[in-house]
Amino acid sequence: MASIDESWFRKPEGIPELDSAGGVVARVEDGQILIALVCEAHKPLLVLPKGHVEAGESFEEAARREIEEEAGITDLTLLGKLGVRERLDFSRTEWKRTHYFLY
């Protein structure tokens with residue numbers, strides 16, 4: 001996999017756009033802050049849990065569903081929306097907007 005540089009954050013003309021949602025799931029345990037990470041499909045990477053937004057879902061609903069599906073975490077307290085990150089996907093064939101929430 002190529003290194004992600006500044007070119008990944010410039011949207012090419014005519015490329016399809018895709019929305020996804022996910023979250024930073026944090027908890028304090030024994031004086032440490034733990035963050036939930038999951039394996040990226042078919043890649044040796046740990047990433048924040050996230051995925052596609054299904055029809056009729058809000059971004060926050062999609063983030064909760066994806067966190068449950070990927071990390072098995074269901075007891076979430078929403079602390080706020082962190083923002084949106086935009087970049088090319090790993091195949092560089094879609095422009096991906098990921099809406100992140102803090103739990």
Subject >> Test item: Leu88 and Pro12 side chains (from C-beta on) under 4.5 Å apart, heavy atoms >> reply: yes

**OP:** Would you give the length of the straight line joining atom CZ of Arg27 to atom CD1 of Ile35, rounded to the nearest 0.5 angstrom?
**Re:** 10.5 Å

**OP:** Work out which heavy atom in Val38 is nearest to a heavy atom in Ala71; give both atom names and the distance.
**Re:** CG1-CB, 3.9 Å

Subject >> Nearest atoms (heavy-atom pairs only) where Ile15 meets Thr93 >> reply: CG1-O, 3.2 Å

Subject >> Same apolar cluster: Ile73 and Phe101, side chain cutoff 4.5 Å >> reply: yes

Original post:
Under the criterion side chain to side chain donor-acceptor pair (under 3.5 Å), which of Glu61, Glu60, Glu68 is the partner of Arg64?
Top reply: Glu60

Original post:
Looking at Cys39 and Leu46, what are the two nearest heavy atoms and their distance?
Top reply: SG-CD2, 3.9 Å

**OP:** First locate atom CZ of Arg87, then atom CZ of Arg92, and finally report the distance between them rounded to the nearest 0.5 Å.
**Re:** 10.0 Å

Subject >> Gap between atom OG1 of Thr98 and atom CG of Leu18 - 0.5 Å precision >> reply: 8.0 Å

**OP:** Verify, without hydrogens or angle tests, whether Asp89 (side chain) and Lys96 (backbone) share a donor-acceptor contact under 3.5 angstrom.
**Re:** no

Subject >> Taking every non-hydrogen atom, the tightest pair across Leu79 and Tyr103 >> reply: CD1-C, 4.1 Å

Original post:
Honestly curious: do Leu76 and Val47 fall in one hydrophobic cluster under the side-chain, below-4.5 Å linking rule?
Top reply: no

Subject >> Cluster link Val25 to Ile33, ILVMFWY, side chain under 4.5 Å >> reply: no

**OP:** For Arg65 and His52, work out which heavy atoms get closest and say how close.
**Re:** NH2-O, 2.7 Å

**OP:** Quick one: pull up CD in Glu29 and CD in Gln32 and give me the separation to the nearest 0.5 Å.
**Re:** 8.0 Å

**OP:** Write down the atom of Ile67, the atom of Pro49, and the distance for their closest heavy-atom approach.
**Re:** CG1-CG, 3.9 Å

Subject >> Reported CZ-to-CG distance for the pair Phe59 and Asp19, which is rounded to 0.5 angstrom >> reply: 4.0 Å

Original post:
Should Val84 and Leu78 be regarded as members of a common hydrophobic cluster, given that ILVMFWY residues are connected when their side-chain heavy atoms come within less than 4.5 Å of each other, either directly or indirectly?
Top reply: no

Original post:
Rounded to the nearest 0.5 Å, what separation is found between the CG atom of Leu37 and the CD atom of Glu70?
Top reply: 11.5 Å

**OP:** Just say parallel, tilted or perpendicular for the rings of Phe90 and Trp8, cut-offs at 30° and 60°.
**Re:** perpendicular

